[in-house]
Every structure is written in structure tokens, then in C-alpha cells.
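See structure below.
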Amino acid sequence: VFLANLLMQAYGKCGSAHESRRVFHTIDSLARPNLFSWTILLTANAQNGDLAAAKEVFDKMPHRDVVTWTALIGACARACHVVEAESLLSRIPATDAIAWSSMIVAYSLAGDIPLARNLFESLGQERDVVAETAMLHAYALAGYLREARELFDAMAAKNEISWSAMLGGLADRSLMDEAAALLDRMPQHDLVCWTAMLLGYARKGDLDRAKALFDHIPERDLVCWTAMVEAAAGRVELEIAAAVFDRMPARNVVSWTAMVAALGQELRVDEARLLFDAMPEHDTISRNAMLFGLGKMGRVEESKAMFDVMSDRSMVSWTAMLAIFGRMGQLDRAEGVFDRMPKRDVVSWTALVTLYIQDGQMEAAKAAYDRMPQAD
RNA sequence: CCGGGAGGAGCGGGAGA
């Protein structure tokens, strides 16, 4: 069981929740899975983005402890299910610093800075570097860089993660002078910092600095290479991006998608398609990228074919398809998509209303608007 | 010391900018 647990965890970490489940069932048939096995399985599902599966594991487990509870809270946080996370936290038999930090993350990802801050400031003993860094990151994500900086400067203990969270916040907003000053003061640099800096320069349009940094750093990993592709894709002529892509020592679905999306944006959809078809694997995001590329060119039937093949459509896919039909003036087909959507959100509702307005159907627009749930 | 919390990469989803 001990070794099998390790194996399960390894699979979970590299995103193979399916393999983790298989190992679990093997354990289950030969021996008795222990609390660790169950929790690892829960986490593997959660990391795969499958909250439902994680909850199922939680419910099926014979025993649970703080770690189990917290693992599920973390899963809810990642899925932005704040209410559920709160409810778990209120029912948890014992809390610890990790549980509270997870809740800060939940608020942060849901964009609720006031709640995150309230919770953070109510922490006593549990306020550790991780909680502080989580709060710092929350501020940075929300664009509250002053608050982030104040917190950062006040932190007694900083580790490399706190430093790069601060650096990333600045670079994200392309505040590169401040970011560079911070980088100089950092005790040590790593790939995370370099990649954040690189993207910051690129976002500012300073591809030369980005490239110089990329060439200068002692090591590069897949994330860093992909960031460089993305950085170079900011240029209209994609030859630099393509050259970087070609030189990559290894690629994954993210790097392929970055290139496909870049081609699609520049209306080079046939090249995008070639690349897409050459990809070793696809996922929702890569298929969406291809869908946009086709849709942007007004290739409705090809878009629809792509959409129909997708078994894992997200809200983004549905709304994109809706908008593609709409832009081509095929209102009835757009309505059909809307009616078949498994879920709707503000964006899809607005898309529908806008379609009607652009088509001059003001009563239909009004009716749709009135049908919109209050929450949206 | 087999499990849970914080930092870097991919989608022009609607409207807006």
C-alpha cells in the first residue's frame, strides 16, 4: 500500500488522474487502502480539475482527517466554489494554518479581496509565510500592488516564493523598473522569476529585452520556452515565434496551443490547422484556440465541425460557437446553440442579447434580457 | 517524514476599452 500510494501520487502530480484511479482500484482489490490512499486519490482528482470526482471520493471515504478536509477545500478553491469551501471550513472538526490559507486562496481566485483580507487579518498563530504570500498574491492578482508591496515589505520571513509572487505582480503589470529593482535585491534567482520578467518585458512590447533575458539565463525549461514563444507572438510577423517554437527541445500541449493561437490571431488559419493536426494531443483549450481561428475567418462549417467533435466543451467553446453563428448572421443556429448550452453565464447571456440588438430585434433582446437570471 | 495550503507558460468566449 505504501508503494502504491507513492505511485498514485506520482500519477496525480503529472495530471494522470485516470492512472491514479487505476492504482487505487488495484490496491482496493488486493488490500485495504489507507487514509493516505484515499486522500491522494482525492487530490489527484482535484488537480485534474474534477471537483465532482474529488467530492465523490470524500463522501466514500471511511474516515477523514484535517488533511482530507483541507484537500477538498483546496479543490473547491481552485474551482472558485467559495460557498462550498466556506461550508466545508465551518464543518471541519479541526482547523490549522493550511485550511485557512486555502480559504484565502479561494477568496482570492473568486476575486473577493475584502473577504480574503478579513480572513487574513483575523489570523493569529496561523499567519505564516504561506498565508502571507497567498494574501500578497491575492493583492497582486487584483491589481492592488500598493497593498501587495506594503505586505511584502512588512513580512518578517520571506522565501523565494514570496519574492517571486511580488516580482510576478509587478511584471504582470509591466512595472519593469520596479520589478528589475526587486530582482536585483533578491537573494537568488530562479526560472520562475526569469519567466515572469520575460513576459513582463514582452507585454510592454520590449521583445528585445525579453529575448536578451531569455538568451542570458543559464537554464530554460518548458514553461520558459513557451513563454518565449508567447512573447515573440506579440509581433505581427510570426517568424520569430515560429523559430523559437522550432528550436524548443520539447513541447507539450500548452506550447503547441500557444503557436496555434498565434497563427489563428494573425488569420493564418490554414497553417494553424496544419499545426493543430500535427499536435500529439489536444485538450479543451487547444480545440478552443482552433475554433476561434476558424471562426474568425468566418469558416462557419469548419467551426461547427470542430465544435461538434468536441466532447469536452467549456463555456468558452459554447459561447464562441454562439458568437460565430451570430457574426455570420445565422441567428437561428446561434439560438440553437444557446438553447443547448448546459450552463449559461453573464457572457453567454450578453452574447445572445447583443446578437438580437445587432440584428435589430429589440423585443427579442428585451425578452432575453428579462429572462436572464438576476445573478447574471 | 506515503497525503492537504502560496510564485512563472497556451483559448481575441459576449459587451466594453
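Lettering of chains follows the sequences in order, A, B, ..., and the numbering in each one begins at 1.
Applying the 3.5 Å distance criterion, the base of B/G14 shares no donor-acceptor pair with the side chain of A/Asp345. Interface remark: the A/Asp96 side chain does form a donor-acceptor pair with the B/G4 base, using a distance-only criterion of under 3.5 Å. If you check distances only, the side chain of A/Asp65 does reach the base of B/G3 with a donor-acceptor pair under 3.5 Å. Not a single donor-acceptor pair, N or O on each side, falls under 3.5 Å between the base of B/G13 and the side chain of A/Asn288. Counting distance only, with no hydrogens placed and no angle test, the side-chain atoms of A/Asp283 and the base atoms of B/G10 include a donor-acceptor pair under 3.5 Å. In the interface, the side chain of A/Asn159 is paired with the base of B/A6 through a donor and an acceptor atom under 3.5 Å apart. In the interface, the side chain of A/Asp128 is paired with the base of B/G5 through a donor and an acceptor atom under 3.5 Å apart.
The phosphate of B/G14 (OP1 or OP2) has no side-chain N or O of A/Gln358 nearer than 4.0 angstrom. Within the 4.0 Å cut-off from OP1 or OP2 of B/G12, at least one side-chain nitrogen or oxygen of A/Gln265 is found. Distances shown here put a side-chain N or O of A/His137 below 4.0 Å from the OP1 or OP2 atom of B/G8.
Rounded to a whole Å, the CD atom of A/Glu126 is 17 Å from the P atom of B/A6. The interatomic distance linking A/Trp318 (CH2) with B/G13 (P) rounds to 18 Å, in whole Å. Rounding to whole angstrom units, NZ of residue A/Lys158 and P of B/A6 are separated by 21 Å. What separates CH2 of A/Trp69 from P of B/G5 is a distance of 18 Å, to the nearest Å. The distance from atom CG of A/Leu355 to atom P of B/G13 is 16 Å, rounded to the nearest whole Å. Rounded to an integer number of Å, the gap from A/Leu42 CG to B/C2 P is 20 Å. In this structure, CD of A/Gln47 is placed 7 Å from P of B/G5, rounded to the nearest angstrom. As rounded to whole Å, 13 Å separates atom P of B/G13 from atom CE of A/Met315.
The side chain of A/Thr319 approaches B/G13 more closely than any other nucleotide in the set B/C11, B/G13, B/G8. Set against B/G12, B/G3, B/G14, the side chain of A/Ala261 has B/G12 as its closest nucleotide. Of the candidates B/G4, B/G8, B/C2, B/C2 carries the atom nearest the A/Phe2 side chain, counting heavy atoms from C-beta on. Residue A/Ala134 has its side chain nearest to B/A6 when only B/A6, B/G3, B/G10 are considered. Of the candidates B/G8, B/G3, B/G10, the closest approach to any side-chain atom of A/Thr257 belongs to B/G10. When the nucleotides B/G4, B/G10, B/G13 are ranked by their closest atom to the side chain of A/Val253, B/G10 comes out on top. Closest to the side chain of A/Thr350, out of B/G4, B/G14, B/G8, is B/G14. Considering only the side chain of A/Glu230, B/A9 comes nearest among B/A9, B/G5, B/G13. Distances were taken from every side-chain heavy atom of A/Val347 (C-beta onward) to each of B/G14, B/G3, B/G7; the shortest belongs to B/G14. The side chain of A/Val223 sits closest to B/G8 out of B/G8, B/A6, B/G13.
Note: A/Tyr139 and A/Tyr144 have tilted aromatic rings, judged against thresholds of 30 and 60 degrees for the angle between ring planes.
A distance of about 24 Å separates the P atoms of B/C2 and B/G7, rounded to the whole Å. Separation of the C1' atoms belonging to B/G12 and B/A17 is 13 Å when rounded to the nearest angstrom.
Within the 4.0 angstrom heavy-atom criterion, base atoms lie near A/Ala131. Base engagement by A/Leu35 is indicated by at least one non-hydrogen atom pair under 4.0 Å involving a base atom. Here A/Thr68 lies in heavy-atom contact (under 4.0 Å) with a base. Within the nucleic acid shown, A/Val105 comes within 4.0 Å of sugar-phosphate atoms alone, with no base atom in reach, counting heavy atoms only. A/Ser102 comes within 4.0 angstrom of the backbone, heavy atoms only, and of no base. At the heavy-atom level, A/Asp172 lies nowhere under 4.0 Å from the strands shown. If you check every strand for non-hydrogen atoms under 4.0 Å, A/Ile285 touches a base. Within 4.0 Å of A/Arg327, counting heavy atoms only, lie sugar-phosphate atoms of the nucleic acid but no base atom. Across all strands, A/Ala97 comes closer than 4.0 Å to base atoms (heavy-atom distances). Within 4.0 Å of A/Leu191, counting heavy atoms only, lies at least one base atom of the nucleic acid.
Atoms CG and NZ, from A/Leu294 and A/Lys304 in turn, are 13.5 Å apart once rounded to the nearest 0.5 Å. Note: A/Leu207 CG to A/Arg235 CZ = 4.5 Å, rounded to the nearest 0.5 Å.
Contact record, A/Arg287 with A/His282: NH1-CB, 3.4 Å, taken as the closest heavy-atom pair. Residues A/Ala231 and A/Leu198 come closest through the heavy atom pair CB-CD2, 3.9 Å. Nearest approach of A/Ala196 to A/Gly168, heavy atoms of both residues: CB-CA, 4.2 Å.
By the neighbour-count criterion of 12 heavy atoms within 6.0 Å, atom CD of A/Glu237 is densely surrounded, having more than that number from other residues, nucleotides or ligands.
When the options A/Phe307, A/Phe338, A/Trp349 are evaluated for a ring pair (Phe, Tyr, Trp, His ring centres under 6.0 Å) with A/Trp318, the one that passes is A/Phe307.
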